[in-house]
Amino acid sequence: MYNGVDFFHLSDLFSEEEKMIVQTVRQFVDEQFLPVVVPHHRAGTFPMELIPRLGELGALGVTIPEQYGGPGLSHFVYGLVMQELERGDSGLRSFASVQGSLVMFPIFSYGSEEQKRKWLPVLASGEKIGCFGLTEPDFGSNPGGMLTRARKDGDQWVINGSKMWITNGSIADVAVVWAQTEEGVQGFLVEKGMPGFEARTMEGKFSLRASVTAELSLQDCVVPESNRLPGVKGLRGPLSCLNEARYGIAWGAIGAASACYDEALAYARERVQFDRPIAGFQLTQHKLVEMLTEITKAQTLIYQLGRMKDNGKARHYHVSMAKRNNVAMALDVARSARTILAANGISDEYQTIRHMLNLESVLTYEGTHEIHTLIIGQEITGENAFK
Ligand code: TGC
Ligand code: FAD
């Protein structure tokens, strides 16, 4: 039974409601997600039957107000939920963060009233699934160079282009597609079945296997003007969505790290070599102490960021520091835990290797580790080192 990792009693600073939400999501992960994750990870599929349950838990669009079907909770709670989900698997957290931060957030922030009423309640309940198409085959870190174009034609738009590495792409009912227009980058709600729109699942991933990743193709895809997000123009539209998702990832990574630490600690206490538990060797203790220290430092960072986000004081570079630090920390913890489990550490009978492989994606998506270095570097020096 997982009881969380909380060496500095940070949960003493949580409200009763926050503690209760942690317990509820933790129980869901233990009882409903972990028993099914290994076959899904092996098959490269997402447990679709759990999507309505995620909706019931309020895990889809945590901060979306009740009038649009969301639970209307704080950013701090959103973070706690992401942490608990990613303790199960980064793919589970990915599903929820794409749906909430990358699909519901732009519809809520930049959509028309009609778009909000049509989409937000069904996305919150999990009846409908969304995806976010920004990355292209030749434009990942530099989305400003995107080739996807939307051309106005009367009261509709004609979109041409392709998007790659899109989480939930081939299971989505609606894709938030970002395209270059004469007035800058704009967002369009491209619905499943619209002529000229196709989504193909990408095969062969060795990471984030319990998550669907797809390529989107738009060939003279006709989208009505009523499906354009009217509230934003320019690259700041998609980048503002990324702030929300990166924030959730910075929390989530701690969940993945905690799962690995918890598993390595339990294993070290049980596993006997040279007539004593391996936990009794100084080198193993050093690894465990480093893991716990880094998890604890990440927790204190995210605790403050969470409160800043709810006070309106978090800026994109704060989010970059948390995403950059916490994901790299989690990957280091996972790799170190893997060495404690040794041969068993490469078997999916244990969670660690799954988390470790997942975290390779998490290090890359939502802004690579290097891109976040440059975002923070630009903030502190005033120099743009991207171009
Ligand atoms: P730049 O000239 O700096 O900025 C263009 C406009 O955007 C504004 N801006 C932001 N606005 C809100 N939030 C941010 N974080 C922003 N960063 C910049 C900026 O003020 C400007 O606005 P305006 O009004 O003056 O025009 O843009 P740039 O082209 O130089 O690019 C900057 C850079 C490199 C930091 C940016 O492109 C970037 O972040 N690249 C990384 C791309 C990325 O993270 N892609 C993620 C794709 S989605 C994904 O990975 C989902 S994974 C899902 C899952 O499964 O969990
Ligand atoms: P590139 O941009 O080609 O980068 C290659 C290398 O060059 C990296 O190490 C990078 O850090 C480095 N680099 C690039 N520019 C610079 C620079 N200026 N200075 C120094 N180093 C630099 N995208 C979406 O839009 N929606 C999704 O739902 C989505 N889901 C994803 C799911 C998975 C499993 C994965 C793996 C990716 C997903 N992505 C998604 C795409 C992801 O956001 C991109 O992979 C990421 O932004 C990096 O782009 P790239 O892979 O093209 O790498």
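Just so it is clear, the values below take in all heavy atoms, side chains as well, and ignore hydrogens, waters and symmetry mates. We count ligands from 1, going down the list as the structure has it; atoms in each ligand are counted the same way.
- Not a single heavy atom of S361 sits less than 4.0 Å from an atom of ligand 1.
- Looking at R246 against ligand 1, only its side chain comes within 4.0 Å, counting heavy atoms.
- Of all the heavy atoms of L374, none lies under 4.0 Å from any atom of ligand 1, so neither backbone nor side chain is involved.
- Side-chain atoms of V36 and L50, non-hydrogen and from C-beta on, do get closer than 4.5 Å to each other.
- Every atom of ligand 1 with a heavy atom of L102 under 4.0 Å away is listed here by number and element: 51 (C).
- Counting heavy atoms under 4.0 Å from ligand 1, residue W165 does not touch it at all.
- If you check each of S94, S97, S141 against atom 1 (P) of ligand 2, the one with the closest non-hydrogen atom is S141.
- Within the structure, ligand 1 lacks G234 among the residues with a heavy atom less than 4.0 angstrom away.
- Per-residue contacts place P143 under 4.0 angstrom from the following atoms of ligand 1 (heavy atoms of the residue considered): 37 (O), 40 (N), 42 (C).
- For atom 40 (C) of ligand 2, the nearest non-hydrogen atom from the set F386, W165, W178 belongs to W165.
- At a heavy-atom distance under 4.0 Å, atoms from both the backbone and the side chain of R236 approach ligand 1.
- Of all the heavy atoms of S94, the ones lying under 4.0 Å from any atom of ligand 1 are found in both the backbone and the side chain.
- The backbone and the side chain of L239 each have at least one atom closer than 4.0 Å to an atom of ligand 1 (non-hydrogen atoms only).
- The aromatic rings of F76 and W251 sit perpendicular, their planes meeting at an angle over 60°, well past the 30° parallel limit.
- Applying the 4.0 Å criterion to heavy atoms of H316 picks out, from ligand 1, the atoms 15 (N).
- Proximity of A245 to ligand 1 is not established, as no heavy-atom distance is less than 4.0 Å.
- Only the side chain of L242 comes within 4.0 Å of ligand 1, counting heavy atoms alone; its backbone N, CA, C and O stay farther away.
- Because its NZ or CZ atom is both nearer than 6.0 Å to the ring centre of F108 and within 45° of the ring axis, K116 counts as a cation-pi partner of that residue.
- Here atom 8 (C) of ligand 2 lies nearest to T368 when heavy atoms of T368, N142, T364, L134 are compared.
- Taking every non-hydrogen atom of F132 and a distance limit under 4.0 Å, the qualifying atoms of ligand 2 come out as 24 (C), 25 (O), 26 (N), 27 (C), 28 (O).
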